[in-house]
Every structure is written in structure tokens, then in C-alpha cells.
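Working notes, structure below.
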Amino acid sequence: MKTAFVYRLGAYGDVLHASHLPRLIKEHYKVDKLDFETSIRGYQILQHNPYIDNLTCIDSNKMDRNSLVTRWCDLRDRYDMFFNLINTIEVEYCCNETDQRYYRNDTFRRTKCGKKNYYDVMTDSCCLPESYYGTRGMMYYPDNEHTRAKEWVRKTKEKYGCEWLILVCLSGSSMHKRFQNCESICRKILDKYTKSFIVLTGDKDCLCDEFKDSRILSKTAKWNFRTVALMAKYFDFVISPETGLVCVSHMWDTPTLQLLTAASWDNHIKYAKNAYWVQSDTPCSPCHKNPIMYYGCTRKDGVPLCVVSFNEDKIMAKVEEAYVNRSKV
Amino acid sequence: MSIAQKFDKVSPHSIQVCPLCNEEKILISNGLVDMGKDLKMVPDRGYSFCNCKNIWFTDWSNIDTRNRHKNESIEVLHYYLYNIRVRVNTEQNNIHELIEPPICNKGYGKNKVYVPGDAPKTVAEFERLGFVIDNEFGNWDLIWSYHVLEHMKSPIHRLVEYYDTLNSDGTLFIAMPDPYFIEFDDPYTWGHWLLREHYIMWDMDSFCDEAEAIGFKIVHKIRNIEPKAKPNKDMHIILRK
């Protein structure tokens with residue numbers, strides 16, 4: 001029996017971009033048994049994946065580097081194939097502040113980091129052939145969960161008399177993944193599209209960004225990510241900055257508007273369908289950086305400039321395009 | 001506390017204003033001061049980074065303009081005179097052509113050289129090689145700017161001056177600290193965090209963009225790892241007017 005082990009930590013989007021690999025690895029390398037170890041966030045992405053025989057999660061914050069390396073050595077011995085996918089996208093295609101590429105000009109990073117889709121990056125990391133390029137990730141849920149999600153959407157539409165149900169993400173985990181003019185855009189949408197209804201989502205750090213309206217319902221810090229990810233399949237439209245949620249909604253082919261700051265169209269959207277996007281108007285976007293302290297970034301109103309540099313008219317134009325096209329979906 | 005509130009909690013002492021775009025930037029690396037035998041780290045002053053032109057900079061008030069920082073290298077001069085050739089496209093027929101060393105005595109007359117900064121050995125060597133040293137009147141054939149621009153208050157202004165005072169087809173050689181060599185595991189191994197001396201330090205490609213915008217043509221640019229060219233964790237750029 002041929003065995004393989006895949007190791008991938010990271011945030012939701014990072015693990016989602018690896019979620020297609022178990023099937024491809026089994027198919028290409030003729031693997032019989034595939035085990036996968038991931039982060040707590042990744043566990044939410046990979047649950048019920050039929051191509052993973054044993055899914056485990058660890059809290060890497062509680063492990064030092066030596067422990068991790070020792071574990072990897074042990075796994076290499078115990079499995080026929082070992083895929084250590086740690087820091088594949090995050091280091092190679094999103095430059096950290098400890099990487100000299102972070103401090104070089106944008107043209108350099110756009111050439112080196114901006115031309116490849118993250119799914120293809122992960123496909124390459126497992127030495128899979130280019131014929132697999134374009135394969136996207138997948139999340140798996142039991143049928144009853146799908147039924148419940150569909151029913152929730154139906155009841156919500158019925159209760160509020162809406163025909164166009166929109167999921168809006170307030171922010172991702174990083175400052176440059178923040179929907180700064182969310183309230184303004186949402187109110188414009190509600191004014192223009194009288195049959196629309198908005199559901200807000202985000203984690204607990206987004207609670208202070210909530211706003212209220214009779215046609216807005218907040219699930220901020222109420223739905224966990226796995227729930228939001230499933231709900232994104234049944235909403236009519238999703239609006240989000242560069243977060244894991246938008247990667248999931250692209251995965252479902254849900255009409256999605258993505259607000260790009262650090263990443264490019266090639267990185268995130270290339271293979272998506274029903275995709276709409278707006279790149280930040282600031283000259284440094286896309287920067288292909290993964291900042292923590294935002295060294296070098298210009299700030300405005302306390303947030304990175306890229307976050308406040310979205311043209312609202314451009315966003316609304318994309319919303320209108322999605323609204324017109326919704327009957328064709 | 002919101003993410004924005006956490007983000008905004010930065011000590012005012014660790015903010016510096018970028019000299020090029022006037023935006024506030026966080027201090028990242030402490031500066032070093034030369035104490036004679038060794039370098040001492042300054043705890044509350046140092047260098048910030050700005051993505052407007054990808055520069056590392058400190059506050060001008062940290063710079064001691066009386067500091068006559070001597071940094072010259074005959075090895076580098078000889079390297080470019082004797083060891084390196086450059087290729088250029090000729091505009092007429094678009095063919096790559098091997099030309100003479102980018103820095104040499106050309107033509108029938110003596111070539112005028114300007115050597116900014118304090119570089120007596122370099123001046124002496126140029127004179128020995130038959131160049132004419134002229135530090136006053138312009139119309140130069142060659143400007144040898146070895147580790148000078150990082151000390152200037154207005155490096156772009158100085159670059160424009162270089163362009164204006166070069167003869168047509170004149171050559172400008174620039175060596176500057178290259179932040180590419182910063183090792184972020186141990187950033188102080190890059191010895192250019194000299195708080196009293198170095199004001200602005202550039203990303204090589206971003207500096208070349210500025211030079212091309214002025215009108216220079218980049219003939220040669222390297223991150224200096226060449227043993228014969230005195231590797232100093234710096235960059236070498238040769239520009240033509």
C-alpha cells in the first residue's frame with residue numbers, strides 16, 4: 001500500500017488553495033492512503049474531504065521549530081511520500097517583512113509573484129504536471145448541512161421579502177484585507193436595489209465595524225468560518241476583500257466581487273467563474289507583500305492606503321454588472 | 001479594541017517623515033554610531049523604510065554634515081577600467097556590440113573627471129592614468145561618485161546636477177549601499193546603518209527608475225559580489241547621458 005502525508009498549515013485561504021491536492025496526489029502518484037495535517041483553521045476547510053483518509057490538526061503556536069522539524073523527519077520515515085507545503089504561498093509569492101524582496105520595487109514583485117495563480121503554485125509544490133493547472137479547491141459537507149443552508153437562505157428571503165441576498169465580509173485577518181468603505185457601499189446597494197438584503201460577516205475583531213439597517217443582518221462573530229463558507233454557496237452575491245471567504249465563494253462559482261489589494265487577478269481570480277473584481281487605485285497595488293507591521297506602507301485614516309483607495313463608483317459599477325447578470329446565472 | 005486601533009498604537013518617537021513623499025513611517029532599524037573602535041547602536045533613532053521609492057532613510061537631524069566620511073576604492077576603479085566590458089544596443093542597427101570599458105580615456109584629448117566627496121587616492125589614481133581632475137566647472141566626461149549620494153540631503157537633485165554637467169555621452173559611475181544585502185535575521189551585519197552619515201539608501205531598481213526619468217541610460221548595474229570589486233554590500237551603477 002502506497003502512503004502519502006501532506007503537511008499544510010496557514011490561514012483559511014492558504015489551506016483552501018491546497019484542498020485540491022489530495023485528489024490530485026492520489027490520482028497522479030497512485031497513492032492508496034493519504035493523511036493530512038493542518039492548522040485549526042485548515043481543519044475547517046478540509047473536514048469531510050473524501051480524498052483524505054486521516055485528517056489531523058495541530059496548534060503550531062505551541063510547537064517550537066525543533067519539534068516541527070523532528071516531526072517532519074519522523075513523517076518522512078513513516079510514509080512513502082511526504083509533502084511539506086509549509087510557507088509555499090506565504091513565502092514564495094507573498095513577501096514577508098524579513099524578505100529582501102519586500103523592500104524592492106513593485107515591478108519586480110509583480111513580475112516574480114503576480115503572474116501565477118495560487119492553486120497552480122500549490123500544484124507545482126507537489127511536483128504535479130502542468131496538465132493539472134486550473135484545478136481548483138473544494139470543500140465538502142454532508143447533505144444535511146447543504147439542505148439546512150439552502151433552507152436558511154430560502155426562509156431569510158421569505159422573511160425579509162428580498163430577491164437578492166448578498167453576503168458582505170467586513171474584514172479578513174490582516175489590516176490590508178479590510179473593507180474600509182463597507183458601510184457606504186452597503187447603503188448605496190440598499191438604496192439602489194430595493195429587493196436586496198445584506199448579511200454581514202467577519203470575526204470578533206470586526207464587531208466594532210458593524211452597522212445597522214432594517215435590511216441588514218449581522219452574523220459577525222456568530223457564524224464560524226465553515227458555516228460562512230457553506231452559506232456563500234447559496235447566497236446570490238458575495239462582496240469581500242482578499243480573504244479566505246472570497247476564495248471559497250469563487251470555488252462555488254457564486255457571483256463574487258473581490259476587492260484586491262496585495263494580490264493580483266492572476267493570483268486569486270484567474271480560474272474563477274462569475275467573478276468580479278476591483279483593484280485598489282493606489283499605485284503600489286498589487287504589492288505582493290504579506291505585511292505584519294506594514295513597514296513602508298503609507299497610512300490614511302489609520303489604515304494602509306490601499307484599503308481606502310477603492311473607487312466607490314467602480315465598486316458600484318461591478319455590483320450593477322453582477323445584478324444585471326444574475327438572471328443569467 | 002479594533003484592528004485599526006491596534007494598528008495605530010505606535011510610539012511617536014518611532015515615527016519619521018519620508019524625505020521624498022512626506023509620509024510618516026515607522027522606525028524599523030536602529031542606527032549605528034561610529035565610536036572609533038567599534039559601532040554603537042542608538043536605541044531611539046535609526047532608519048525607516050518608505051515604499052514611495054523603496055528607500056531606507058533617517059531623519060536629517062541625525063546627520064553630522066561635518067563628518068568627512070572617507071570611502072574610496074582603487075580596486076573598484078581598476079576593476080571597471082581593466083576587467084569589465086559592457087554591451088549596448090546601437091540605435092542604428094540594433095546589434096549588441098562589445099565596446100570599450102565604460103570608464104576610460106576616450107578620444108584624442110584628456111578626459112575630465114569629477115570625483116565628489118573626499119577621495120584623495122582616487123583623484124591621484126585618475127591623474128596617474130592621464131585623466132584631468134576638475135572639481136569645479138562641469139562639462140565632465142566622467143563622474144566617479146563612489147559612496148557619495150547616500151550622504152546627500154537631496155540625492156535626486158544631485159543626480160540632476162550630474163546629468164546637467166556631464167558632456168553628451170558622458171559617464172556617471174555610482175556606488176551606494178545596497179539594502180538587498182540586509183540579512184533580516186541579523187540586520188546589523190549590513191554595516192551601512194551609519195546614523196551620522198547615511199541619509200537615504202535606495203533599492204537599486206527604484207534608483208535606476210529615477211535616473212532614467214531624468215534622462216540617463218543605464219549601461220550596467222550590479223549588486224556587488226565581485227571579489228575584485230571590493231564587495232561592500234553595495235551596488236554599482238554605470239549611467240550614460
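Here is the naming used below: chain letters follow the sequence lines, and residue numbers restart at 1 for every chain. Predicted, not measured: the structure shown is a model, and the values here were computed from it.
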Chain B contact via A/Lys204 - side chain, backbone, both or neither, heavy atoms under 4.5 Å: neither

Heavy-atom proximity to chain A below 4.5 Å, by part of B/Ser48: neither

Side-chain donor-acceptor pair present, A/Asn267, A/His288, cut-off under 3.5 Å: yes

Pair A/Asp99 + A/Arg101, salt bridge at N-O below 4.0 Å: yes

Per-residue contact mode, B/Trp56 against chain A (heavy atom under 4.5 angstrom): side chain

Contacting region of B/Asp209 [heavy-atom separation from chain A under 4.5 Å]: side chain

Distance-only donor-acceptor check, side chains B/Tyr80 and B/His236, under 3.5 Å: yes

B/Glu24: partners by salt bridge (Lys or Arg N to Asp or Glu O under 4.0 Å), with sequence neighbours left out: none

Best-contacting candidate, B/Ile55, B/Asp185, B/Ile28, against chain A by heavy atom pairs under 4.5 angstrom: B/Ile28

Flag for A/Ser285-A/Ser280: side-chain donor and acceptor within less than 3.5 Å: no

